[in-house]
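So the structure is just underneath, and the comments pick up after that.
Chain letters run A, B, ... following the sequence lines, proteins first and then strands; every chain starts at 1.
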Amino acid sequence: MPKQYSPTESESRWYEFWETSGFFAASEEPGDTRQTYTLAIPPPNVTGSLHMGHACRTTFEDVLCRHKRMQGYNTLWVPGIDHAGIATQVVVERQLKQEGLTRYDLGREKFIERVWQWKEESGERILQQLRKMGASCDWPRTKFTMDPEMVRAVREAFVRLYEEGLIYRDTRLVNWDVESQTVLSDLEVEQEENVEGAMFDFAYSLADGGGEVVVSTTRPETMLGDTAVAIHPDDGRYRHLHGKYVRHPFVDRLIPVILDAELVDPEFGTGVVKVTPAHDPNDFATGKRHGLEEINIFNLDGTMNESSGPFQGLDRFDARKAVEIELGNLGLARGSKKHMMTLPRSQRSGTIVEPMISTQWFVKMKPLAAPAIEAVQDGTIQILPPEWSKTYFHWLRNIQDWCISRQLWWGHPIPAWYCEDCEHVTVSREDATACGGCGGPSIRQDDDVLDTWFSSGLWPFSTLGWPEKTVALERFYPTQDMETGYDILFFWVARMIMMGLHFMGEVPFTRVLLAGLVTDERGEKMSKVKGNVVDPLDVIYGATNEQLVAKAEKAGAKNSGIKYLKSTYPDGFAAYGADALRMTLLSYSPQSRRIALSIKRIEGYRNFANKLWNASRYALMRLGGSSTKASQQCPQPKALANRWVLSRLYHALDVAASGLDAYRLDEASGALYHFVWDEFCDWYLELSKPALGSGDATLIEETEATLVHVLETVLRALHPMMPHITEEIWQRVPKWDEAPKSIMISRFPTGLVDAKLDRAAERDFEVVQAFVGSVRTIRAEHDVPRTQAMRIHWHTNDEDKHRVLDAERRTIEALGRCELCFEADPAKLDDPNAHFKNAAVFVNPGIRAAVPDVIDTEKERDRLQRNLKKVEKELGVLEKKLGNPSFVERAPEAVVDKSRRDSLELREKRERLEAALNSL
RNA sequence: GGGCGGGUAGCUCAGCGGUAGAGCGCUGGCUUUACACGCCGGAUGUCGCAGGUUCGACCCCUGUCCCGCCCA
């Protein structure tokens, strides 16, 4: 084994081994009675390339699946990809643009062909990339949301909802994305806050010539669609306007003054409001109340249409300027001032969304939401971290109907046909050939497609074969866990719950695990423009700074982004490996909404992988000449170090098990990390050296058995988190006969079921650790060279401690590079003519020791004073507490007792330290 | 306007009613035959601010100020 672990080659080798061995496959065998564990992947977009978000999802999910698989569950992790309507269409349109074409040049059919072609090229790429992370998906079951079975499921769902009256068509004010030229659901519109805009005032002249009214607006161009001017019915200032009309200055139209208490806040602005029913939600509602005409003034691309008179053809923002100028020319402008406002933007294109009146398909949500609320309320579905349930409830309780039609070409066509001879709309599972109403042949399918999230909502059961009653559906639905980012709680999770309950009559999963979003190490969102995108593959395989910069430049990063990249990662990334990246991502608390990924941290876990590698190298070397193998039984050693390390191992396994169960993967991975590094490597391996070199056959045998047992066990415990390196090592560990051929199909180690904590061993070993620690501190602080042995005179009245120090004398001497001499007469420890000659002293609980002939007086004084200060501070706190009668009375006895004991110990320590200080 | 989350060591973050923790960074020493991607030491915090509850508060409550996100 080389000195350094290099993940690159090893990871792909083992991954291939697992995949070709069929270890990822879930079983549909009729005789298989194992409990199932199912998790459906949040399908990445077909156009996507692996980013940290995917890496994070994949890691968490893979840990859950591998853990369950090792626990003996029939585990199914369903992989798949999403057709991602808008996103994909935009990508392909961009490609076309480079060829100087638009989708209209190709026509719908050719365009869709082109997208499929692109899908074939790029669709598999993201799945290949997930494999690089170690994802143990059941690949042959991969589903694409536009696969024929998925199409069938989508149609079935649509038709059923339509038949149940839950899908309907309606004309209302919708969110229009003028760039993508499609309607958006409310969720796809993001509000950009605190944008500086202008509030523009202008006057409408009264039609009867009797003066004017002044209105304010941030969108002057919309006045071209004004069909009313509203005032508050109780506003005395405008009583004279009741029943009057104003004249539109640009289009030939008389506009009524209406009274509306709901729309108008008399305190705001002039107290007169212009009303544009076709382009503002509040005005739309007002229009409905008053039966106002709705005049659409925009074309679908955001330019002004024929209703906008002289402004026709202008872009909406140019029209704004033009309207202001013209109003000025007519002497109607009344000035403008700065105004902070909120702008609705398309999540996809970023363009400002235009409210427009349009006929679209909607899903009635209230009836679907009610059971979804209940399922979380009654605990059928558990959301973790639990705070998110509040957000979930709030959204579902205030839910609006969902606009599901999109004016795109790429997506599931809406299975509705319009008849040219009658009004009937035919909605059908099969492609319709005749009108379902009049039977006439002149029908035309709806041009629109469905919102991507409509098919995603069916994911947990459509992927298992629904609406067919398949074995998979029967066996694996409902799934157990749904792991995803909180950003799609509404988009996806809530909708899956609603759809699952509606179509399957059962929740789609029983736990929702929400993780934070990965950001850069400053906590800023990763973005191509900022140049702070960390590509998981670069982290896994390594990249030079030049490569990172080149990539960022190609992706369109700004100069500041490039600068950041150059200064933050001047040396680029080493090939840290997937396991290191996985551990890093796992180490962040899922409670946190932000995972500020730090490369230094990845490096730390790369180092951990190397540590594990070398610890194993050591263990395997030591075992080389012996016939000891890892066994399935826990050894029963006698030596303290062996007993101790087993106890600590099982303690760590226990923490890991609860962490895995509670979705605290940070705690689980942390427990194993610290066990391996701080206890197994730093203490146990060092302890094993003198033991294995002792010549004591019994000791050697039990130490070998313990060593290999701990290693083999901790590898299995780490496997879900670091699958590759654990396999690489595990394969080399000598094991029991008929051991499985891969660690991934071995059993996950259980904690305290297998072994009890050995409290006595832990307590005794703490004495050893403290003693060795004190010796090392003295050596370090007094610059005693490592080669110089230190003689240590010690004393204790405590029988237990005496026993331990006697028994572990060799260990301590080896670890501390010292020589221990018990001194029966404690007075000699203070006697400058005996042991206390140029001596350093230390005081551990119940134990005192003097180390003669080593000190530098100044340093020792300094050190003692530092210690003394600490002791006094602690003692002060304790004595204040104990001096408080109500503490002694009211605090639990154990707490009071402990304080008493600690205080006694500290007093003794203070006394010794003072004595030592005085004798310097 | 409403809601949620956060403010703990230089940085990124855990933690929790009983004397403050990790990783990185900083610092001193070490070619210790598993590992310098290492080993052994050391330093570092009025736990945002102000009240309150409690024998005891970083932790619970109230108010307040910042930061972020979501919804309207």
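- Here A/Tyr576 pairs with nothing under the ring pair (Phe, Tyr, Trp, His ring centres under 6.0 Å) rule; sequence neighbours left out.
- For RNA chain B, if you chain together Watson-Crick or G-U pairs that step i with j, i+1 with j-1 and so on, the runs of at least three with distances under 3.5 Å are B:1-7 with B:65-71, B:10-13 with B:21-24, B:26-30 with B:38-42, B:48-52 with B:60-64.
- On the C1' atoms, B/G2 is 32 Å away from B/G17, given to the nearest whole Å.
- In this structure, A/Arg601 is positioned above the aromatic face of A/Tyr588, its NZ or CZ under 6.0 Å from the six-membered ring centre and within 45° of the axis.
- Atom C1' of B/U44 sits at a distance of 32 Å from the matching atom of B/C55, rounded to the whole Å.
- Not a single ring pair (Phe, Tyr, Trp, His ring centres under 6.0 Å) links A/Phe284 to another residue, sequence neighbours left out.
- Checking A/Tyr673 against A/Ser587 by side-chain atom types alone, no donor-acceptor pair falls below 3.5 Å.
- First and last contacting nucleotides of RNA chain B toward chain A (any atom under 4.0 angstrom from a heavy atom, 5' to 3' order): B/C4 to B/A72.
- A/Ala615 comes within 4.0 angstrom of a nucleotide base, judged by non-hydrogen atoms across all strands.
- Within the 4.0 angstrom heavy-atom criterion, no nucleotide atom of any strand lies near A/Pro885.
- Heavy-atom distances to RNA chain B give each of A/Trp388 and A/Ala780 a nearest nucleotide, and the one nearer the 5′ end belongs to A/Trp388.
- Within 4.0 Å (heavy atoms only), A/Ser899 reaches no atom of the nucleic acid at all.
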ask   = Would A/Tyr618 and A/Ser688 count as a side chain to side chain donor-acceptor pair (under 3.5 Å) if you check the C-alpha gap in whole Å, the side-chain angles of each, and the deciding distance to 0.1 Å?
value = CA-CA 11 Å; A/Tyr618 164 80; A/Ser688 75; 2.6 Å; yes
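- Applying the side chain to side chain contact (heavy atoms under 4.5 Å, CB included) test to A/Thr777 and every residue at least two apart in sequence or in another chain returns A/Glu781.
- Residue contacts shown for A/Arg593 include a base, since a base heavy atom lies under 4.0 Å away.
- As rounded to the nearest Å, B/G21 and B/G6 have P atoms that lie 22 Å from one another.
- By the 30° and 60° cut-offs, the orientation of the rings of A/Phe771 relative to A/Phe842 is perpendicular.
- Rounded to a whole angstrom, the distance from the C1' atom of B/C58 to that of B/U8 is 7 Å.
- Annotation: of the two residues near RNA chain B, A/Val189 and A/Asp666, the 5′-most nearest-nucleotide partner is A/Asp666.
- Using a 4.0 Å heavy-atom criterion, one finds that A/Lys689 contacts the bases of the nucleic acid, with or without backbone contacts as well.
- When the ring pair (Phe, Tyr, Trp, His ring centres under 6.0 Å) test is applied to A/Tyr564, no partner is found at least two apart in sequence or on another chain.
- Judged by distance alone, the side chains of A/Glu889 and A/Ser886 never bring a donor and an acceptor atom under 3.5 Å apart.
- Nucleic acid contact for A/Arg617: sugar-phosphate only, since backbone atoms but no base atoms lie under 4.0 Å from a heavy atom of the residue.
- Using a 4.0 Å heavy-atom distance criterion, A/Ser598 is classed as making no nucleic acid contact.
- B/G42 and B/U46 have their C1' atoms separated by 24 Å, given to the nearest Å.
- Within the 4.5 Å cutoff, no side-chain heavy atoms of A/Asp280 are placed close to those of A/Pro355.
- Spacing between B/A72 and B/G15 at atom P, rounded to whole Å, works out to 31 Å.
- Within the 4.0 angstrom heavy-atom criterion, only backbone atoms of the sugar-phosphate kind lie near A/Glu387; the bases stay farther away.
- Residue A/Lys600 is in sugar-phosphate contact alone, with no base atom involved, counting any heavy-atom pair closer than 4.0 Å across all strands shown.
- Using a 4.0 Å heavy-atom distance criterion, A/Arg779 is classed as making no nucleic acid contact.
- Nucleic acid contact for A/Asp682: sugar-phosphate only, since backbone atoms but no base atoms lie under 4.0 Å from a heavy atom of the residue.
- Side-chain contact between A/Val714 and A/Phe680 is absent, with no heavy-atom pair separated by less than 4.5 Å.
- Among the atoms of the strands shown, only primed sugar atoms or phosphate atoms (P, OP1, OP2) are found under 4.0 Å from some heavy atom of A/Arg664.
- Residue A/Val895 is classed as a base contact, given a heavy-atom separation below 4.0 Å to a base.
- A distance of about 11 Å separates the C1' atoms of B/G48 and B/C67, rounded to the whole Å.
- Comparing the same atom, P, in B/G25 and in B/G38 gives a spacing of 9 Å after rounding to whole Å.
- Contacts of A/Thr777 with the nucleic acid, taken as non-hydrogen atoms under 4.0 Å apart, involve only primed sugar atoms and P, OP1 or OP2.
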